[in-house]
J.: 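Quick one: structure below, then a few questions.
None of these values were measured; they are calculated from a predicted model. When a residue number appears, it is its place in the shown sequence, counting from 1.
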Amino acid sequence: MVLAGLCVTEIVSWGILYYAFAILAPSINSETGWSATWTTAAFSAALVVAALVGIPVGRMLDARGPLLVMTGGSVLAAGAVLVIAWSPNLIIFTGGWLLAGIAMASVLYQPAFAALTGWYGARRLHALTAVTLVAGLASTVFAPVTSALDHALSWRQVYVILAAALALITIPVHAVVLRRPWPGRRPVVSRTVESPGPPASGRQIVSDHEHSTAVLHSRAYAFLVAGMALSALAIYAALINLVPLLIGRGVTASAAAWLLGLGGVGQVAGRFLYQRLIVRWSVRVRTVIIYGLAAVSTFALALVNGPIGVLVAVIMVNGFARGIETLIQATAIPDRWGTAAYGRLSGMLAAPTTMASALAPWIGAWLATRVGGYPTMFAVLAGFAAVGVVFLSASIPRRSTTAA
């Protein structure tokens with residue numbers, strides 16, 4: 001019940017709060033006369049807010065569970081999208097996106113992953129894979145649907161319809177399926193993280209706070225944060241700027257929307273295969289290979305002009321890596337330090353990563369004007385991703401904490 005419900009709400013929330021903007025942005029700019037730089041900045045500001053709000057949301061999830069967080073976030077999400085649709089000027093438009101940022105922190109992957117990790121325990125990977133498999137189709141479903149609506153209606157009318165979909169689907173589903181006892185806080189049986197001395201002879205009982213503090217001060221965690229932030233910057237700058245790259249190469253806006261959607265198919269394929277990969281590859285190996293694949297495919301997008309079949313293949317490979325990247329991030333904390341204090345640790349990890357993805361659309365557009373166009377910008381992004389791979393390879397603790 002929980003898993004099925006979150007599969008539904010995640011695909012709807014991602015499709016409306018994130019992917020719809022990439023399709024509607026050209027219409028917003030042309031119909032209002034607002035600068036593309038500023039409308040993109042408003043969207044980026046929402047993601048920055050989501051990153052900052054994600055930290056207290058993580059603590060709330062640890063203490064009280066996801067019911068109030070995700071149900072309240074759904075209400076706010078629908079209201080925020082209505083504000084965006086109504087906005088008579090850029091200031092109110094930006095304010096609507098700031099509200100949407102709070103909603104994003106409350107309904108997108110972070111709270112959903114916390115809910116599944118808390119309730120599914122050792123079976124969490126199956127649950128995480130299932131919800132990300134379905135949510136990976138958000139761009140595949142909502143990019144063409146939003147494009148079709150955009151051709152028939154104004155962008156404001158499209159957002160009103162999308163707000164209604166959020167309200168009618170996500171609010172009741174969250175209110176119903178998340179009503180179950182929350183495991184809450186529990187003591188952690190662990191070893192000290194990255195202790196400079198010899199291995200401890202026995203195991204010791206530590207609190208969630210002590211456990212999370214030790215992890216947060218470890219070098220492995222610092223490398224993990226830096227690597228994922230750099231990689232997120234490259235991955236999401238490429239994602240949001242893919243349509244302008246394709247249009248600049250002569251692809252029609254409608255075809256570019258479909259190509260963006262095919263990246264979602266690649267995401268689903270990657271998540272479908274992930275459980276097979278973890279059997280064969282260690283945490284370090286699969287992290288380096290998948291993030292390395294994201295870097296290589298981003299560089300390929302800088303070079304490939306056609307034919308269309310090759311372009312589709314590169315986009316789907318990029319989506320494949322992006323899809324698995326989501327699961328690697330979701331399981332990064334348990335894979336290294338166990339499930340205790342997952343909300344706090346994942347919230348702290350998600351903050352700089354989400355901040356990087358928040359700034360990514362604006363940074364990508366800014367880079368394109370400074371380096372001579374979108375193809376060169378994609379090459380620069382590939383360089384960022386490559387540095388991220390180096391950091392991530394060093395993010396495995398010398399001796400991981402094993403939480404009970």
Side-chain angles (χ1 to χ4, degrees), residues 1-18 49-51 53-81 99-138 141-142 162-186 208 271 326-327 329-331 333-334 339-351 354:
M1 188 75 167
V2 172
L3 180 57
L6 289 177
C7 284
V8 171
T9 60
E10 287 303 301
I11 191 173
V12 172
S13 298
W14 274 103
I16 294 173
L17 294 174
Y18 192 87
V49 170
V53 173
I55 296 174
V57 164
R59 293 182 181 139
M60 189 181 302
L61 288 164
D62 278 339
R64 305 187 63 179
L67 175 60
L68 291 178
V69 170
M70 299 193 76
T71 305
S74 294
V75 174
L76 181 60
V81 173
L99 290 175
I102 300 173
M104 288 177 185
S106 305
V107 300
L108 294 184
Y109 276 151
Q110 182 192 339
F113 289 164
L116 295 174
T117 300
W119 278 321
Y120 281 78
R123 298 178 293 123
R124 63 184 176 274
L125 182 58
H126 167 76
L128 294 171
T129 302
V131 79
T132 54
L133 272 172
V134 175
L137 292 171
V141 173
F142 279 89
L162 296 179
L166 273 172
L168 293 174
I169 297 172
T170 65
I171 295 173
V173 171
H174 284 152
V176 171
V177 306
L178 300 178
R179 288 182 178 276
R180 58 186 299 182
W182 182 243
R185 300 181 184 274
R186 62 191 185 280
D208 273 8
R271 290 165 184 171
T326 302
L327 281 171
Q329 180 179 338
T331 57
I333 299 300
T339 59
Y342 178 87
R344 182 189 182 197
L345 291 172
S346 65
M348 295 293 288
L349 174 63
T354 308

J.: Nearest 0.5 angstrom please: Leu6 CG to Leu178 CG, how far?
T.: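 Reported to 0.5 Å precision, the distance equals 5.5 Å.
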J.: Can you tell me how far apart OG1 (Thr71) and CZ (Arg179) are? Round to the nearest 0.5 Å.
T.: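 Thr71 atom OG1 to Arg179 atom CZ measures 7.5 Å (nearest 0.5 Å).
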J.: Less than 4.5 Å apart, side chain to side chain, heavy atoms only: is that true for Leu17 and Val81?
T.: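 In contact.
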J.: With sequence neighbours left out, what residues match Tyr109 under ring-ring contact (aromatic ring centres under 6.0 Å, His included)?
T.: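 So Tyr109 forms a ring-ring contact (aromatic ring centres under 6.0 Å, His included) with Trp14, Phe113.
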J.: Let me confirm one number: the CD-CG distance from Gln329 to Leu128, rounded to the nearest 0.5 Å.
T.: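 It comes to 11.5 Å.
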J.: Apply the side chain to side chain contact (heavy atoms under 4.5 Å, CB included) test between Val131 and each candidate in Val8, Leu116, Thr9; give the one that qualifies.
T.: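 With Val131 as partner, Val8, Leu116, Thr9 yield a single side chain to side chain contact (heavy atoms under 4.5 Å, CB included), made by Leu116.
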J.: Treating Arg59 as the side-chain partner and Ile55 as the backbone partner, does any N or O pair qualify as donor plus acceptor under 3.5 Å?
T.: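 Not a single qualifying donor-acceptor pair exists.
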J.: Where do His174 and Leu67 come nearest, in terms of heavy atoms and distance?
T.: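 Looking at all heavy atoms of both residues, the shortest contact is O-CD1, 3.6 Å.
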J.: Would you check if Met1 and Val176 make a side-chain contact, meaning some heavy-atom pair closer than 4.5 Å?
T.: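 Touching, per the 4.5 Å side-chain cut-off.
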J.: Trp182 side chain to Ala115 main-chain N or O, any donor-acceptor pair under 3.5 Å?
T.: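 Such a contact is absent between Trp182 side chain and Ala115 backbone.
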J.: At their closest point, which heavy atom of Met104 faces which heavy atom of Ala50, and how far apart are they?
T.: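 Result for this residue pair: CB-CB, 3.9 Å.
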J.: Compile the donor-acceptor pairs under 3.5 Å between side chains in residues 162-171 and protein atoms, sequence neighbours left out, one pair per line.
T.:
unit_1 : atom_1 : unit_2 : atom_2 : d
Thr170 : OG1    : Ser74  : OG     : 3.3
Thr170 : OG1    : Leu166 : O      : 2.6

J.: I need the minimum non-hydrogen distance between Gly73 and Val107, along with the two atoms involved.
T.: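 Taking Gly73 first and Val107 second, the nearest heavy atoms are C-CG1, 3.4 Å.
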J.: What are the two closest non-hydrogen atoms of Leu3 and Ala127, and how far apart are they?
T.: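 For Leu3 versus Ala127, the nearest heavy atoms are CD1-O, 3.4 Å.
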J.: If you look at every heavy atom in Tyr120 and Val2, which pair is closest and at what distance?
T.: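 In terms of heavy atoms, the two residues are closest at OH-CB, 4.5 Å.
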J.: For Ala105 and Pro111, which heavy atoms make the closest approach, and how far apart are they?
T.: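 Nearest pair, atom of Ala105 first, then Pro111: O-CD, 3.5 Å.
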J.: Between Gln110 (side chain only) and Gly54 (backbone N and O only), is there a donor and an acceptor less than 3.5 Å apart?
T.: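 Such a contact is found between Gln110 side chain and Gly54 backbone.
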